[in-house]
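Read through the structure below, which is laid out as structure tokens, and then see the notes.
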Amino acid sequence: MLRIGEIERQWIQMANKLRVGILFGGRSGEHEVSLLSAASILKAIDRKKFDVVPIGINKAGHWLTAGAAHGLLENGGPAQPEKPLRAGDPAVTPGARVLAEGQPTLLAPEPEATAALAVAGQSALDSHAALGGQSLDVVFPVLHGTFGEDGTIQGLFELAGIAYVGGGVLGSSVGMDKDVMKRLFANAKLPIVKHVTLLRADWEKSPRKAVAQVEAALKYPVFVKPANLGSSVGISKVHNRKELGPALTLAAKYDRKLVVEQGVGGKKLKARELEVAVLGNDDPKASVVGEIIPGKEFYDYEAKYLSEGSVPVIPAKLTRAETKQIREMAVAAFKACDLSGLARVDFLMEPDGKQRIFLNEVNTMPGFTKISMYPKLWEATGIPYTELITRLIELALERHAEKSRTSYSREE
Ligand SMILES: Nc1ncnc2c1ncn2[C@@H]1O[C@H](COP(=O)(O)OP(=O)(O)O)[C@@H](O)[C@H]1O
Ligand SMILES: [Mg+2]
């Protein structure tokens, strides 16, 4: 029998490797968080299985690539900051280096170019050759928030006919819209807090009517939120009527739809914040339940990213029945929003009294550093970080293959 030499063996292995585009950065306020998530993934992804092409999107929305990712991580890669403040410094994250030094690139919205990365200004096929045939087999959009987690970029992947990690167009956009999400939860008979949805135009045209509408339905404290955003940006806890107007005006800066919710907990007591990681496509599974104990009055932007003192507890201290109920609700929420791949499903629990549990929201691309809640929950459930990344890529390919069975036009 012919013995395969080491070089050939390596070559065969390389030829079989999947080429994964890791997309990071983006135009949203969570740009720096994304750089941190991407730094962790670049470091941990299984290089025996995957060739990695890092693709950064800068804050102006320009796409940049730097060819092979391994060069970015020489000497184990730059030290990672714990907090996103310094993540945009090229000396700190490999993603920031791609954004500072990379060459312009685009993903062509043409299926036949099979996800060729195009050099800006060239046709997809020309630049395919120019970039040494850098086709991608699958994309992992490690993008949080607007234009990354909201279905817009997922639409581009659909046009390009490429497999991608995470929710599709519909699931991603629903997962971003707290108003539509609640309608789907309610439809699935999942418990949500009482709330009122207002249009920015309603608030601006008749503020008195808007306040009356909120006060007729809810009791203070209430939470005012822009319907489509994340990271607690534009969210206020409102303790009385005096605070309501400024909170609505603030939220109206960030979206045309505003959601006002009944506060869980009370004027003094905080809600308990429980989180579950869900993984899968048509048969999703839930992780153990985790709890975040925010260092501030609620889990605002500062508590999430800047200050110390928000403590994760895994597994959360709950009764068996509560744990079971929460995990089942997480899977039901995932299905109600037609999600795929991954989502972190967040709950609010009354800290006293009846201790009712409410579904708060789904996050379709949750923070993904090695120490973020989503990977930590899976680690505690038995799936280590590197394996989790592999599993997500496999789920992307599985969904892509499943979808390719669908006909888009009437067959003759
Ligand atoms: N109805 C509520 N009752 C109590 N706390 C809330 C409520 N809604 C939001 N919060 C607090 O605000 C934080 C951010 O709200 P959330 O809806 O999760 O928005 P984001 O999408 O920005 O994470 C929550 O983690 C929680 O601390
Ligand atoms: Mg949240």
Side-chain angles (χ1 to χ4, degrees), residues 28-30 33 84 144-146 148-150 172-182 185 190-197 214 217-239 243-244 247 250-251 253-255 257-277 290-307 309-313 316 330 333 337 343-367 372-374 377:
S28 84
E30 288 156 288
V33 184
H144 309 302
T146 321
E149 202 177 339
D150 61 356
S172 300
S173 54
V174 161
M176 194 71 188
D177 188 310
K178 297 188 197 307
D179 168 51
V180 175
M181 199 189 315
K182 283 184 195 299
F185 291 161
L190 290 162
I192 54 171
V193 293
K194 274 196 203 160
H195 66 284
V196 174
T197 301
V214 169
L218 313 171
K219 286 197 206 81
Y220 296 107
V222 297
F223 279 78
V224 176
K225 314 177 179 183
N228 286 274
L229 215 69
S231 282
S232 301
V233 174
I235 297 187
S236 313
K237 180 172 180 180
V238 168
H239 306 78
E243 291 174 5
L244 183 59
L250 175 72
K253 259 175 71 177
Y254 297 103
D255 198 10
K257 255 191 325 188
L258 318 172
V259 175
V260 185
E261 284 178 16
Q262 181 61 61
V264 177
K267 286 209 161 78
K268 298 242 165 60
L269 276 180
K270 289 184 276 199
R272 288 183 71 186
E273 315 232 7
L274 304 164
E275 307 192 339
V276 181
E291 177 165 10
I292 297 270
I293 302 175
K296 297 195 59 195
E297 190 180 1
F298 71 97
Y299 202 30
D300 66 2
Y301 186 87
E302 204 189 305
K304 279 181 180 168
Y305 303 121
L306 306 177
S307 64
S310 290
V311 188
V313 181
C337 295
R344 200 190 69 224
V345 184
D346 296 351
F347 298 83
L348 296 166
M349 182 174 176
E350 287 175 336
D352 58 359
K354 291 191 191 142
Q355 306 199 323
R356 284 176 301 176
I357 297 162
F358 301 97
L359 184 55
N360 180 31
E361 60 163 348
V362 296
N363 293 281
T364 56
M365 192 52 73
S372 301
M373 196 60 153
Y374 185 89
L377 286 170

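These numbers come from a predicted model, not from an experiment. Whatever order the structure lists ligands and atoms in, that order sets their numbers, starting from 1. Heavy atoms only: backbone and side chains are in, while hydrogens, waters and symmetry mates are out. Residues take their numbers from the sequence shown, with the count starting at 1.
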For the side chain of Lys270 and the backbone of Pro294, is there at least one donor-acceptor N/O pair under 3.5 Å apart? yes
Nearest atoms (heavy-atom pairs only) where Val193 meets His195: O-ND1, 3.3 Å
Any N/O of Val264 closer than 3.5 Å to an N/O of ligand 1? yes
How many angstroms lie between NZ in Lys237 and CD in Glu243, if you round to the nearest 0.5 Å? 10.0 Å
The closest protein heavy-atom partner of atom 4 (C) of ligand 1 is Phe223 CE1, 3.2 Å
What atoms of ligand 1 come closer than 4.0 angstrom to any heavy atom of Lys178? 17 (O), 19 (O), 20 (P), 21 (O)
Indicate, as side chain, backbone, both or neither, the part of Tyr299 found under 4.0 angstrom from ligand 1 when only non-hydrogen atoms are considered. both
Evaluate the side-chain proximity of Ile293 to Val313: yes if any heavy-atom separation is below 4.5 Å, no if none is. yes
Go through the side-chain N and O atoms of Asp346 and Asn360 and say whether any donor and acceptor fall under 3.5 Å apart. no
Closest non-hydrogen atom pair between Leu359 and Ala333, with its separation: CD2-CB, 3.6 Å
Checked the Mg ion (ligand 2): protein N, O or S atoms closer than 2.8 Å come out as Glu361 OE2
If you look at every heavy atom in Thr146 and Leu229, which pair is closest and at what distance? OG1-CD1, 3.9 Å
Testing the basics here: between Val264 and Ala271, what is the closest heavy-atom pair and its distance to 0.1 Å? O-CB, 3.6 Å
Contact with ligand 1 for Asp346, non-hydrogen, under 4.0 angstrom: no
So which heavy atom in the protein is nearest atom 15 (O) of ligand 1, and how far is it from that ligand atom? Ile235 CD1, 3.5 Å
Would you say that Ile235 contacts Pro226 through its side chain, given a criterion of any heavy-atom pair below 4.5 Å between the two side chains? yes
Ser236 (side chain) donor-acceptor with Val238 (main chain) under 3.5 angstrom: no
Tell me: protein heavy atom nearest atom 23 (O) of ligand 1, and distance? Lys304 NZ, 2.8 Å
Just need the protein heavy atom nearest to atom 22 (O) of ligand 1, so name the residue and atom and give the distance. Ser232 N, 2.5 Å
Please say which of Asp179, Asn228, Thr197 ends up in a side chain to side chain donor-acceptor pair (under 3.5 Å) with Lys257. Asp179
Just so I know, are the side chains of Cys337 and Phe185 near enough to count as touching, which here means a heavy-atom distance under 4.5 Å? yes
Short side-chain to backbone donor-acceptor contact, His144 and Glu149, under 3.5 Å: no
Please list all pairs meeting salt bridge (charged side-chain N to carboxylate O under 4.0 Å, His left out) that have one or both residues in residues 223-234, counting only residues at least two apart or in different chains. Lys225-Glu261
Under 4.0 Å, counting heavy atoms only: does Gly263 come that close to any atom of ligand 1? yes
Would you kindly specify which portion of Lys237 sits under 4.0 Å from ligand 1, judged on non-hydrogen atoms: side chain, backbone, both or neither? neither
Suppose we measure from atom 12 (O) of ligand 1 to each protein heavy atom; which comes out shortest, and what is that distance? Phe298 CD1, 3.1 Å
Using a heavy-atom cut-off of under 4.0 Å, does the side chain or the backbone of Asn363 touch ligand 1, or both, or neither? neither
Which of the numbered atoms in ligand 1 are under 4.0 angstrom from any heavy atom belonging to Lys225? 8 (N), 9 (C), 15 (O), 16 (P), 17 (O)
Evaluate Asn360 for polar contact with ligand 1, using N/O atom pairs at a separation under 3.5 Å. yes
Nearest protein heavy-atom contact for atom 18 (O) of ligand 1: which residue, which atom, what distance? Glu361 OE2, 2.8 Å
Out of all atoms in ligand 1, which are within 4.0 Å of some heavy atom of Glu273? Include the element for each. 24 (C), 25 (O), 26 (C), 27 (O)
